[in-house]
Amino acid sequence: MGKDVIVACDFSSKQAVMDFLDKFTEEKPYVKIGMELFYAEGPSIVKEIKARGHKIFLDLKLCDIPNTVKKAMSVLSGLDVDMTNLHASGTIEMMQAALEGLTRPDGTRPLLIAVTQLTSTSEERMREQLLIDKPLDEVVMHYASNAEKAGLDGVVCSPLEAGKVHNRCGEKFLTVTPGVRFADGDIGDQVRVTTPEKAKELGSDYIVVGRPITAADDPVAAYRRCVAEFVG
Ligand code: C5P
């Protein structure tokens, strides 16, 4: 599986994302479209970015009853995205239904990855609010294992967890990792960060990079630096 840099296009309008993508005249970066842009602009934004030649990770983190997720995934698959995701907390049954919905009549489908526990959920909140009385680490690995059992392709996790996930779920099980910053850059609101080079060493398959590229003075140069450090 080839490593790649996914650019988190966390913009609130089509105009803003297109102005950003217009800067890339040579490369066609893999683009992550999240809830903000998708809810603002609708499915047409996916089709338009795809038509410009970009691969797309549609980050909508689905979680509902299996039948509803299956039908929603079938719609997303029809948008011809390359990767999408859901919450592993929806159960193995929901993840299996999602895979069925995603699979196109010709047998192809987008990659499907799972969110384990959100990074905003602390061990204390998990225990007190969700009544999950186990170490966070163990819960993350257990949810990753459920995703693997359901037949998913991987999980979103910290680069610092990539090695553990591969040990538990196999080398082919993908680790898609946000929380990446340049050694000389601002960390912003991310807490546990690593550089693209370190993420490569730790075994990440895809790094998801937002502000270090989107907010850079020269986004194309920042993207190239990420690719050079991570892909080599
Ligand atoms: O700007 P930055 O590089 O922090 O963007 C990281 C992207 O990855 C954002 O779109 C953020 O929502 C997403 N993400 C994350 N941590 C997670 C899951 C997703 O930062 N655990």
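Counting starts at 1 for both ligands and their atoms, following the listed order. We count residues from 1, following the sequence as given. Predicted model only: the values in this text are computed from it and were never measured.
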Decide if atom CG of D106 counts as having more than 12 heavy atoms of other residues, nucleotides or ligands within a radius under 6.0 Å.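 Count over threshold, so yes.
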Between D205 and H166, do the side chains contain an N or O donor and an N or O acceptor separated by less than 3.5 Å?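 Yes - a donor-acceptor pair under 3.5 Å links their side chains.
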Exercise: do R104 and T108 side chains pair donor with acceptor under 3.5 Å: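 Distance-only check passes for R104 and T108.
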What are the atom names and distances for all N or O pairs under 3.5 Å between ligand 1 and the protein?
| from | atom 1 | to | atom 2 | distance (Å) |
| --- | --- | --- | --- | --- |
| ligand 1 | 1 (O) | R211 | N | 2.7 |
| ligand 1 | 1 (O) | R211 | NE | 2.7 |
| ligand 1 | 3 (O) | R181 | NH1 | 2.9 |
| ligand 1 | 3 (O) | G210 | N | 2.8 |
| ligand 1 | 4 (O) | R181 | NH2 | 2.8 |
| ligand 1 | 4 (O) | Q190 | NE2 | 2.9 |
| ligand 1 | 4 (O) | R211 | NH2 | 2.8 |
| ligand 1 | 10 (O) | D10 | OD1 | 3.4 |
| ligand 1 | 10 (O) | D10 | OD2 | 2.8 |
| ligand 1 | 10 (O) | K32 | NZ | 2.9 |
| ligand 1 | 20 (O) | Q190 | NE2 | 2.8 |
| ligand 1 | 21 (N) | T119 | OG1 | 3.1 |

Verify the cluster assignment for M95 and M83: are they in a single hydrophobic cluster under the rule of side-chain heavy atoms below 4.5 Å apart?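 Different hydrophobic clusters.
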Proximity of Y206 and F57 rings by center, below 6.0 Å: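 No, the ring of Y206 stays outside the 6.0 Å limit from the ring of F57, centre to centre.
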Who pairs with F20 by ring-ring contact (aromatic ring centres under 6.0 Å, His included), at least two apart in sequence or on another chain?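 Per chain and number, F20 pairs via ring-ring contact (aromatic ring centres under 6.0 Å, His included) with F11, F24.
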